[in-house]
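The structure presented is a predicted model; accordingly, all values stated were derived computationally and were not measured. Basis for what follows: all heavy atoms, side chains included, without hydrogens, waters or symmetry-related copies.
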Amino acid sequence: MNLRKSTKVVLAILGIAAPSFLIGNYSGYSKSDVAPTVETNNKSFKLVVIDPGHGGKLPGAYGKVSAEKDIVLQVSKKLKDSIEKNIPGVKVILTRETDVDVPFHERSNIANRNHADLFISIHCNSANSDQRVKGKNGRYTTRTIYRPSANGTETFVCGYNRLQRGESDVATRENADILMEDNYQEKYNGFDPNDPSSYIIFSLLKRTYREKSIKFATYLQDEYVAKGRVNRGVQELSLAVLAGASMPAVLTEIGFISNPDEENFMLSEYGQGQIVTNLVDAIKRYKHGHEALAQR
């Protein structure tokens, strides 16, 4: 389906149906660009794909002394080692192991090709934003607005969201790397991360893995909170990196790189170790529930 040509039809449908999408703090449907197989619970939990966000010429957010792409790669490598050491029978694939950019569709395709049981994309958050300001000479310049006090962790699953202020900033920022890919409109069926109307299509797509994604995301936030982190909750958001995953999938923001204290925490061995422990414990809990359900 061509996204732009179908927008008016989708909007008309949603004008009637949208209220029924709201369930608690969540709204919408998850998506799979690759048609998912019918979900069953008669297999064991064997493979996790870890996706270190950004990479290469796409650094993600910046802090005072670091870039998002570097922190998340460090955490992801430690997470891989810890999962394989502490969860018997579970293997890990990283979507990148060096400082390179991997297109969004390829990140989820790595998980699909390898029949992963869980996809986790790891990112750092930022509250800073760029603002166009008109000077006395009448010319516009870009000024960065710094918000160093924002803190905490939050985890997203793929779904339709109403793009309220704040939520739209996250979706636009995390999807912006698409614009750097060659032929991105063709690869993503006309999806434009800067066009709010593009996000409406997520509301009509399959919700096959929605409940399991929310379950894992909730386990993860519980682990963060148990270690004293500020809880910003579990939310559904229209995120392209999750859209093609044919398995439960989340994007977790492990802290604010725009907050100097949280940046230092995420750069430290202690902080990275704690984040890895949070993730491993959440995976253990999810795996136990998955296999218990399979035995029924």
Side-chain angles (χ1 to χ4, degrees), residues 47-56 58-87 90-102 104 107-108 110-111 116 118-127 150-157 170 173-174 177 216-217 219-232 234 239 241-242 245 249-286:
L47 179 65
V48 178
V49 169
I50 305 296
D51 172 45
H54 308 285
L58 303 174
Y62 280 106
K64 283 192 171 183
V65 296
S66 65
E68 178 181 2
K69 66 174 183 176
D70 299 320
I71 291 177
V72 298
L73 182 58
Q74 293 167 10
V75 170
S76 296
K77 286 181 173 180
K78 291 177 180 177
L79 178 58
K80 178 181 187 296
D81 292 342
S82 184
I83 291 172
E84 294 183 341
K85 178 181 178 181
N86 295 297
I87 310 181
V90 177
K91 298 297 182 184
V92 175
I93 294 175
L94 297 179
T95 60
R96 67 180 181 94
E97 298 190 32
T98 58
D99 184 20
V100 296
D101 174 49
V102 180
F104 281 160
R107 293 173 191 251
S108 56
I110 290 170
L118 186 64
F119 179 85
I120 306 172
S121 189
I122 298 179
H123 289 250
C124 300
N125 218 334
S126 177
N151 64 341
T153 63
E154 55 190 339
T155 302
F156 298 96
V157 303
V170 174
R173 181 178 70 249
E174 296 297 2
D177 287 2
F216 175 72
Y219 291 162
L220 183 50
Q221 285 300 127
D222 288 347
E223 294 298 332
Y224 288 143
V225 173
K227 296 297 185 182
R229 306 293 303 280
V230 172
N231 183 16
R232 298 175 66 92
V234 175
L239 296 169
V241 72
L242 303 181
V250 304
L251 183 152
T252 187
E253 303 274 8
I254 60 176
F256 278 81
I257 199 171
S258 54
N259 179 316
D261 290 336
E262 290 207 341
E263 179 185 18
N264 290 336
F265 175 80
M266 292 186 291
L267 282 169
S268 70
E269 287 293 324
Y270 171 77
Q272 290 185 5
Q274 181 173 298
I275 292 165
V276 166
T277 298
N278 296 156
L279 281 153
V280 170
D281 287 346
I283 294 168
K284 285 180 179 178
R285 187 176 170 189
Y286 180 83

J.: Quick check: closest heavy atoms across Thr155 and Val250, and the distance to 0.1 Å?
T.: CG2-CB, 3.8 Å

J.: Which heavy atom of Ser66 sits nearest a heavy atom of Ile71, and at what distance?
T.: OG-CD1, 3.5 Å

J.: Does the Lys77 side chain pair with the main chain of Glu97, one donor and one acceptor, at a distance under 3.5 Å?
T.: yes

J.: Go through Lys284 and Ile87 one step at a time and tell me if the side chain to side chain contact (heavy atoms under 4.5 Å, CB included) criterion holds.
T.: CA-CA 7 Å; Lys284 285 180 179 178; Ile87 310 181; 3.8 Å; yes

J.: Looking at Lys227 and Glu223, does any basic side-chain N land under 4.0 Å from a carboxylate oxygen?
T.: no

J.: Identify the two heavy atoms, one from Val72 and one from Gly53, that lie closest to each other, and give their separation to 0.1 Å.
T.: CG2-O, 3.4 Å

J.: When you check the side-chain N and O atoms of Thr252 and Tyr224, is any donor under 3.5 Å from an acceptor?
T.: yes

J.: Is a donor on one side and an acceptor on the other found under 3.5 Å between the side chain of Glu263 and the backbone of Val65?
T.: yes

J.: Do Ile283 and Phe216 touch side chain to side chain, with heavy atoms closer than 4.5 Å?
T.: yes

J.: Check whether Arg96 reaches the backbone of Asp101 with its side chain - one donor and one acceptor, N or O, closer than 3.5 Å.
T.: no

J.: On a heavy-atom basis, which atom in Ala67 and which in Ile257 lie closest, and how many Å separate them?
T.: C-CD1, 3.8 Å

J.: Evaluate the side-chain proximity of Thr95 to Pro52: yes if any heavy-atom separation is below 4.5 Å, no if none is.
T.: yes

J.: From His123 NE2 over to Glu154 CD, what is the distance, rounded to the nearest 0.5 angstrom?
T.: 12.0 Å

J.: With Thr153, which of Glu262, Gln221, Arg232, Glu253 fulfils side chain to side chain donor-acceptor pair (under 3.5 Å)?
T.: Gln221

J.: Search all heavy atoms of His54 against all heavy atoms of Pro59 and return the closest pair with its distance.
T.: CB-C, 4.0 Å

J.: Quick one: pull up CD in Gln274 and CD1 in Ile254 and give me the separation to the nearest 0.5 Å.
T.: 11.5 Å

J.: Can you tell me how far the CG atom of Leu279 sits from the OH atom of Tyr219, to the nearest 0.5 Å?
T.: 15.0 Å

J.: Can you tell me if Ser82 uses its side chain to pair, donor with acceptor, with the backbone of Lys78 under 3.5 Å?
T.: no

J.: Report yes or no: does Asn125 contribute a side-chain atom to a donor-acceptor pair with the main-chain N or O of Gly255 at less than 3.5 Å?
T.: no

J.: Do Arg229 and Phe265 come close enough that some side-chain heavy atom pair is under 4.5 Å?
T.: yes

J.: Per the side chain to side chain contact (heavy atoms under 4.5 Å, CB included) rule, which among Val75, Val92, Val48 passes with Lys80?
T.: Val92

J.: Yes or no on side chain to side chain contact (heavy atoms under 4.5 Å, CB included) for Asn151 and Asp261, after CA distance, side-chain angles and deciding distance?
T.: CA-CA 9 Å; Asn151 64 341; Asp261 290 336; over 6 Å; no

J.: Which heavy-atom pair separates Arg107 from Asp51 by the least distance, and what is that distance?
T.: NH1-OD1, 2.6 Å

J.: Measure the CD1-OH distance between Ile120 and Tyr286 for me, rounded to the nearest 0.5 Å.
T.: 10.0 Å

J.: How long is the span from the CG atom in Leu118 to the CD1 atom in Ile50, to the nearest 0.5 Å?
T.: 7.0 Å

J.: When rounded to the nearest 0.5 angstrom, what distance separates CG in Leu94 from OG in Ser76?
T.: 6.0 Å

